[in-house]
Amino acid sequence: MPLVAEAIITGQDSPTLATLGEFGLIKTLAAALPPGRRTLVGIGDDAAVLAVPDGRVVATTDFLLEGRHFRRDWSAAADVGHKAAARSLADLAAMGAEPSALLVALAAPADLPVRWARELAGGLAAECARAGANVIGGDTARADSVLLAVTGLGDLAGRAPVLRSGAAPGDLVAVAGPLGDAAAGLALLTAGLADGPLVAALISGHLRPAPPYDAGPEAADLGATAMIDVSDGLLADLGHVAAASGVRIDLDSGALRPGEPLIDAARAVQAARRHVSSGRTDPVSRPADSGPPGTEALRWVLSGGEDHSLAAAFPPGTRLPARWKVIGTVRAGEGVVVDGQPWAGAQGWDHFS
């Protein structure tokens with residue numbers, strides 16, 4: 001009898017990981033994570049075996065920490081699974097690789113409901129399916145909060161990897177995917193604005209980023225000279241490209257002008273902040289004025305991060321598909337500027353600052 005069914009029959013309507021045990025948890029997760037066409041040996045052995053037709057493997061790893069990258073009161077378990085997968089799958093795409101597989105290590109409290117773990121696995125599987133990948137193995141452990149360590153593996157399919165270090169003066173800089181949606185969604189959640197059609201898409205952008213995985217290999221085939229996924233903020237991540245390539249990247253603020261949904265979200269967040277501030281009776285200073293809604297929305301675009309869109313440099317004159325939007329140019333020099341000037345605000349996320 002399956003351990004989950006046994007727990008329910010014995011009167012435990014909401015079995016936990018402690019009820020299930022490690023072996024039962026692995027069986028439960030495996031049932032929600034089917035093998036893929038390249039999986040020769042999957043979940044259940046000492047290690048997995050994956051077919052690698054190209055002969056080279058692109059590998060990356062990422063953490064997803066409860067309280068740092070997600071909150072269980074905001075995110076459903078499936079949301080966490082989608083986000084955990086997307087972070088690593090986007091890194092593979094940013095190298096020009098086709099995502100192949102994930103290895104997922106899960107640490108969680110013993111009182112975590114089995115249902116939550118099963119829904120987490122469903123989210124992982126669904127996001128992998130979007131990218132053409134599968135979960136092929138991992139590990140489990142007990143911890144005080146939920147932690148996922150995800151290793152992504154990708155196939156270059158004969159392409160040269162697209163590095164951060166190949167951008168050259170004269171190249172175009174373009175982006176595929178949204179910018180600022182995830183940051184806006186986080187700001188809306190933090191402000192307690194989680195309801196209504198205005199916020200649904202932006203909050204979804206924070207809870208379940210949807211990187212354009214196939215745009216990575218597409219960019220490589222178009223001759224991209226450098227590429228990165230936007231995880232820490234556009235300025236911060238393009239700063240990595242500029243530093244690795246020894247160039248200056250000049251962004252065009254006109255091409256990055258926020259759309260009405262972002263500006264409306266910024267207006268709503270600012271109104272919520274003013275409401276909270278006006279209701280204070282304690283001697284706490286008011287939050288600094290964040291400027292017009294358009295200014296705050298532009299900050300989300302430039303430094304928000306976590307959209308996991310792809311930013312790439314292309315040789316001058318490259319004809320790009322419609323989903324690639326040109327946002328700047330590469331010049332001689334160093335760093336990242338906006339309209340020729342340094343950006344005065346934060347560049348993006350720094351894990352240790």
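Throughout, residue positions are numbered sequentially from 1 according to the sequence presented.
- The heavy-atom pair separating A313 from V330 by the smallest distance is CB-CG2, 4.4 Å.
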Problem set entry | Derivation of the side chain to side chain donor-acceptor pair (under 3.5 Å) call for D339 and S253 | CA-CA 6 Å; D339 298 332; S253 64; 2.5 Å; yes
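- Hydrophobic cluster membership is shared by V247 and V175, with clusters built from Ile, Leu, Val, Met, Phe, Trp and Tyr side chains linked at under 4.5 angstrom.
- Between L238 and I249 the shortest heavy-atom distance is O-CD1, 3.6 Å.
- Side chain of D307 to backbone of A182: a donor-acceptor contact under 3.5 angstrom is found.
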For this session: Check the pair V150 / T60 against side chain to side chain contact (heavy atoms under 4.5 Å, CB included), numbers first and verdict last.
Result: CA-CA 8 Å; V150 181; T60 185; over 6 Å; no
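- Minimum interatomic distance between L124 and G81 (heavy atoms only, all atoms of both residues): CD2-O, 3.4 Å.
- Grouping the Ile, Leu, Val, Met, Phe, Trp and Tyr side chains by contacts below 4.5 angstrom, directly or via other members, places L50 with L103.
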For this session: Verify side chain to side chain contact (heavy atoms under 4.5 Å, CB included) between V135 and L29, making sure each step is shown before the conclusion.
Result: CA-CA 10 Å; V135 177; L29 296 175; over 6 Å; no
For residues 200-213, tabulate all N or O donor-acceptor pairs below 3.5 Å that involve a side-chain atom, not counting sequence neighbours.
residue: R208; atom: NE; partner: D79; partner atom: OD1; Å: 2.5
residue: R208; atom: NH1; partner: H82; partner atom: NE2; Å: 3.2
residue: R208; atom: NH2; partner: D79; partner atom: OD1; Å: 3.4
residue: Y213; atom: OH; partner: E127; partner atom: OE2; Å: 2.6

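- Looking only at side-chain heavy atoms (C-beta outward), S100 and D155 come within less than 4.5 Å of each other.
- Here the shortest heavy-atom pairing between A176 and S309 reads O-CB, 3.1 Å.
- Looking at L320 and V326, their side chains come closer than 4.5 Å, going by heavy atoms from C-beta outward.
- R299 places a side-chain heavy atom less than 4.5 Å from the side chain of T295.
- Minimum interatomic distance between L310 and G216 (heavy atoms only, all atoms of both residues): CD1-N, 3.4 Å.
- Residues V269 and L302 share a single hydrophobic cluster, defined by chaining ILVMFWY side chains whose heavy atoms lie under 4.5 Å apart.
- Looking at heavy atoms from C-beta onward, T140 lies out of side-chain contact with L17 at the 4.5 angstrom threshold.
- Within 6.0 Å of CZ in R257 there are 12 or fewer heavy atoms belonging to other residues, nucleotides or ligands.
- Linking ILVMFWY residues whenever their side-chain heavy atoms come closer than 4.5 Å, directly or via other members, places L188 and L298 in the same cluster.
- Using a 4.0 Å cut-off between a side-chain N of Lys or Arg and a carboxylate O of Asp or Glu, E306 and R87 qualify as a salt bridge.
- For S245 (side chain) and R164 (main-chain N/O), a donor-acceptor pair under 3.5 Å exists by modelled atom type.
- Here the side chain of D250 pairs a donor or acceptor atom with the backbone of G340 at under 3.5 angstrom.
- The side-chain heavy atoms of V104 and L33, taken from C-beta on, include no pair separated by under 4.5 Å.
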For this session: Show your reasoning for whether side chain to side chain contact (heavy atoms under 4.5 Å, CB included) applies to L251 and W343.
Result: CA-CA 10 Å; L251 299 178; W343 178 251; over 6 Å; no
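- Inter-residue side-chain proximity for E218 and D221 is flagged as unmet; no heavy-atom pair is nearer than 4.5 Å.
- For the pair K83 (side chain) and H69 (backbone), a donor-acceptor distance under 3.5 Å is present.
- With a 4.5 Å cut-off on side-chain heavy atoms, V173 and V241 do not count as touching.
- The closest side-chain donor-acceptor pair between N134 and T39, if any, does not fall under 3.5 angstrom.
- At least one side-chain heavy atom of D171 sits under 4.5 Å from a side-chain heavy atom of P316.
- Closest non-hydrogen pair, L153 versus A59, comes out as CD2-CB, 4.0 Å.
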Problem set entry | CA sep, side-chain torsions, deciding dist, call: L235, V338, side chain to side chain contact (heavy atoms under 4.5 Å, CB included) | CA-CA 9 Å; L235 293 173; V338 180; 4.1 Å; yes
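- Neither V301 nor W324 shares a network with the other; the hydrophobic side chains, linked directly or stepwise wherever heavy atoms of I, L, V, M, F, W or Y lie under 4.5 Å apart, form separate groups for each.
- Remark: D73 CG is packed, more than 12 non-hydrogen atoms of other residues, nucleotides or ligands lying under 6.0 Å away.
- No donor-acceptor distance shorter than 3.5 angstrom exists from the side chain of D62 to the backbone of A84, with no hydrogens or angles considered.
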